[in-house]
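Worksheet: one structure, shown below.
Residue numbers begin at 1 in each chain, while the letters A, B, ... track the order of the sequences.
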Number of protein chains: 2
Amino acid sequence: MDDLRAVPPSLTGLTTYLLSRTGKIARGRLAGRFAERGLRLWHHAVLAALADFGPHVQRDLAARLAIDPSDMAKIVDELAGAGAGAGTGAGAGTGAGVRAGTETGTETEAGYVERARDTADRRRITVTLTAAGRALLAELDADAEAVQDEILDSLTDDEREHLNALLRKVFTHLDN
Amino acid sequence: MDDLRAVPPSLTGLTTYLLSRTGKIARGRLAGRFAERGLRLWHHAVLAALADFGPHVQRDLAARLAIDPSDMAKIVDELAGAGAGAGTGAGAGTGAGVRAGTETGTETEAGYVERARDTADRRRITVTLTAAGRALLAELDADAEAVQDEILDSLTDDEREHLNALLRKVFTHLDN
DNA sequence: ACCTATCATGGGTGCGCACCCACTAATTTG
DNA sequence: CAAATTAGTGGGTGCGCACCCATGATAGGT
């Protein structure tokens, strides 16, 4: 007893704490996978938003994901242009995106997303998902499901669904 | 439709994502409350561990909470000595801890925890929860439950318990 | 007694994330 | 047409967290 590794039960009794901890673990593992591609969680969210709701004015995209417009600019920049895949494990996967451009080599034209100035209001930039982006999204979703299988390993299918339903309820209500 | 604030359903369909998101919200709100006291989440965890398992050699405490010994030293330092409450809202609460010492004012002797050198092995430092620490822990637990009520607002009591059970199952299995 | 391992601690690093501000270009308002 | 507003962008800041390394003190093994 007193395993020296056992987590304080007064903490695991708090759902807040369990949520925070397991959430962090989930986040960490997912972020780890994405990092192998030189991506972060927001990249996934952006791709998913574009896939689900179609092209967005960049500002609306930021509003939807509740992120600062300034930060969104950077994320879109990484998804559209060079830089995202320069890191460790880029291109290790099925090679969906990450087409080498005509540049000198350190630069990789990602092209997961396309930016186009709105002809009506030339201040605005409309962001559109490309085919490469769609392919990447599929891979990231696969990553997410893999992580999910890891994490929910101890649950039956029924329990998983139940958990998802409960969390969804909590989340949508929290979303306000 | 297309609420412009709606979160991509392909994300909310992923339990990983829900976990990560709600976990982050929970963490954020909790951290916010603790921050008003000049504390962080680890402080709570440390106090809880001491309450649940009694005094610890500092190194064991670090091992239990899976934290770097170096970081644990700093946390224990903050719980024991001055510095923790110097910030914004210290002393706003019921005033359990944070007794002003005999010092000049900017310094606050926290004393939530006591460090004592082990007489047998004088390298080791045994950390013990004080009465003030126990009182603080009670407040932090109350904070946690308040946040919990906020977050789980949309769930019935049955559902809350169910959620807790599921998360606990996931977490303990993940703990490995 | 000497060498090595262990503990606590201080200092520093890097990442992710959330903000914030200033600046430019373009549009809308009066 | 001038003034005010909005979109995108670049740059910078601060926090929390997880690491890692060096150092000084202490123990233990041989």
Side-chain angles (χ1 to χ4, degrees), chain A residues 20-21 23-46 56-63 65-81 83-84 86-88 113 115-127, chain B residues 20-21 23-36 38-46 56-63 65-81 83-84 86-88 113-127:
Chain A
S20 157
R21 286 286 275 197
K24 182 164 197 171
I25 293 174
R27 167 172 292 260
R29 298 203 184 178
L30 200 51
R33 298 225 174 198
F34 290 176
E36 290 175 9
R37 301 189 142 92
L39 298 174
R40 275 155 295 147
L41 292 174
W42 283 121
H43 295 118
H44 182 213
V46 167
H56 277 68
V57 173
Q58 189 165 307
R59 187 170 206 288
D60 295 342
L61 199 50
L65 297 177
I67 195 181
D68 191 286
S70 164
D71 295 324
M72 178 58 79
K74 293 154 192 161
I75 291 171
V76 169
D77 194 50
E78 288 157 355
L79 284 174
T88 322
V113 123
R115 279 182 288 196
R117 283 224 111 87
D118 187 331
T119 51
D121 185 341
R122 296 176 36 80
R123 287 172 303 180
R124 303 190 165 189
I125 287 187
T126 304
V127 184
Chain B
S20 157
R21 286 285 275 196
K24 182 164 197 171
I25 293 174
R27 166 172 293 259
R29 297 202 184 179
L30 200 51
R33 297 225 175 197
F34 290 176
E36 290 175 10
L39 298 174
R40 275 157 293 145
L41 292 175
W42 283 122
H43 295 117
H44 182 215
V46 166
H56 278 67
V57 172
Q58 189 165 306
R59 188 170 208 292
D60 295 342
L61 200 50
L65 297 176
I67 194 180
D68 191 286
S70 163
D71 295 324
M72 178 57 80
K74 292 154 193 162
I75 291 171
V76 169
D77 194 50
E78 287 157 354
L79 284 173
T88 322
V113 124
E114 230 176 34
R115 279 182 289 194
R117 282 223 112 87
D118 187 330
T119 50
D121 184 342
R122 297 178 36 81
R123 286 171 303 181
R124 303 189 164 188
I125 287 188
T126 304
V127 184

Interface polar pairs with nucleotides 1-4 of chain D, N/O, under 3.5 angstrom:
none

Determine, for nucleotides 9-21 of chain C in 5'-to-3' order, which nucleotides have protein heavy atoms under 4.0 Å from the base (write B), from only the sugar-phosphate (write S), or from neither (write -).
-> BBBB---SSBBB-
ring-ring contact (aromatic ring centres under 6.0 Å, His included) evaluation trace for B/Phe34 with B/His43 = CA-CA 9 Å; B/Phe34 290 176; B/His43 295 117; 8.8 Å; no
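For A/Ile75 and D/dG8, the CD1 to C1' distance is 14 Å, given to the nearest whole Å. One can place CZ of B/Arg59 at 10 Å from C1' of C/dA8, the figure rounded to the nearest angstrom. Atom CG of A/Asp60 and atom P of D/dA7 are 8 Å apart (whole Å).
Shortest non-hydrogen contact noted between A/Ala73 and A/Arg115 is O-NH1, 4.5 Å.
At a threshold of 4.5 Å between non-hydrogen side-chain atoms, the residues A/Met72 and A/Gln58 count as touching.
Residue B/Arg123 places a side-chain atom within donor-acceptor reach of the base of C/dT6, judged by atom type and a 3.5 Å distance cut-off alone.
At a cut-off of 3.5 Å, with distance as the only test, no side-chain donor of B/Ser20 or B/Lys24 sits close to an acceptor on the other residue.
As judged by a 4.0 angstrom heavy-atom cut-off over every strand, B/Ala120 is placed among residues touching the sugar-phosphate backbone only. Contact annotation for B/Ala62: no contact, since no heavy-atom pair falls under 4.0 Å across all strands.
Taking CG of B/Asp60 as the reference point, atom CZ of B/Arg124 lies at 6.5 Å (rounded to 0.5 Å). Expressed to the nearest 0.5 Å, how far CG of B/Leu41 lies from CZ of A/Arg21 amounts to 10.0 Å.
Screening A/Val113, A/Leu65, A/Val46 for a side chain to side chain contact (heavy atoms under 4.5 Å, CB included) with A/Ile75, the sole residue that qualifies is A/Val46.
A donor-acceptor contact shorter than 3.5 Å links the side chain of A/Arg117 to the backbone of A/Arg122.
Between D/dA7, D/dT26, C/dA8, one nucleotide has an atom nearer to the side chain of B/Arg124 than all others, and that is C/dA8.
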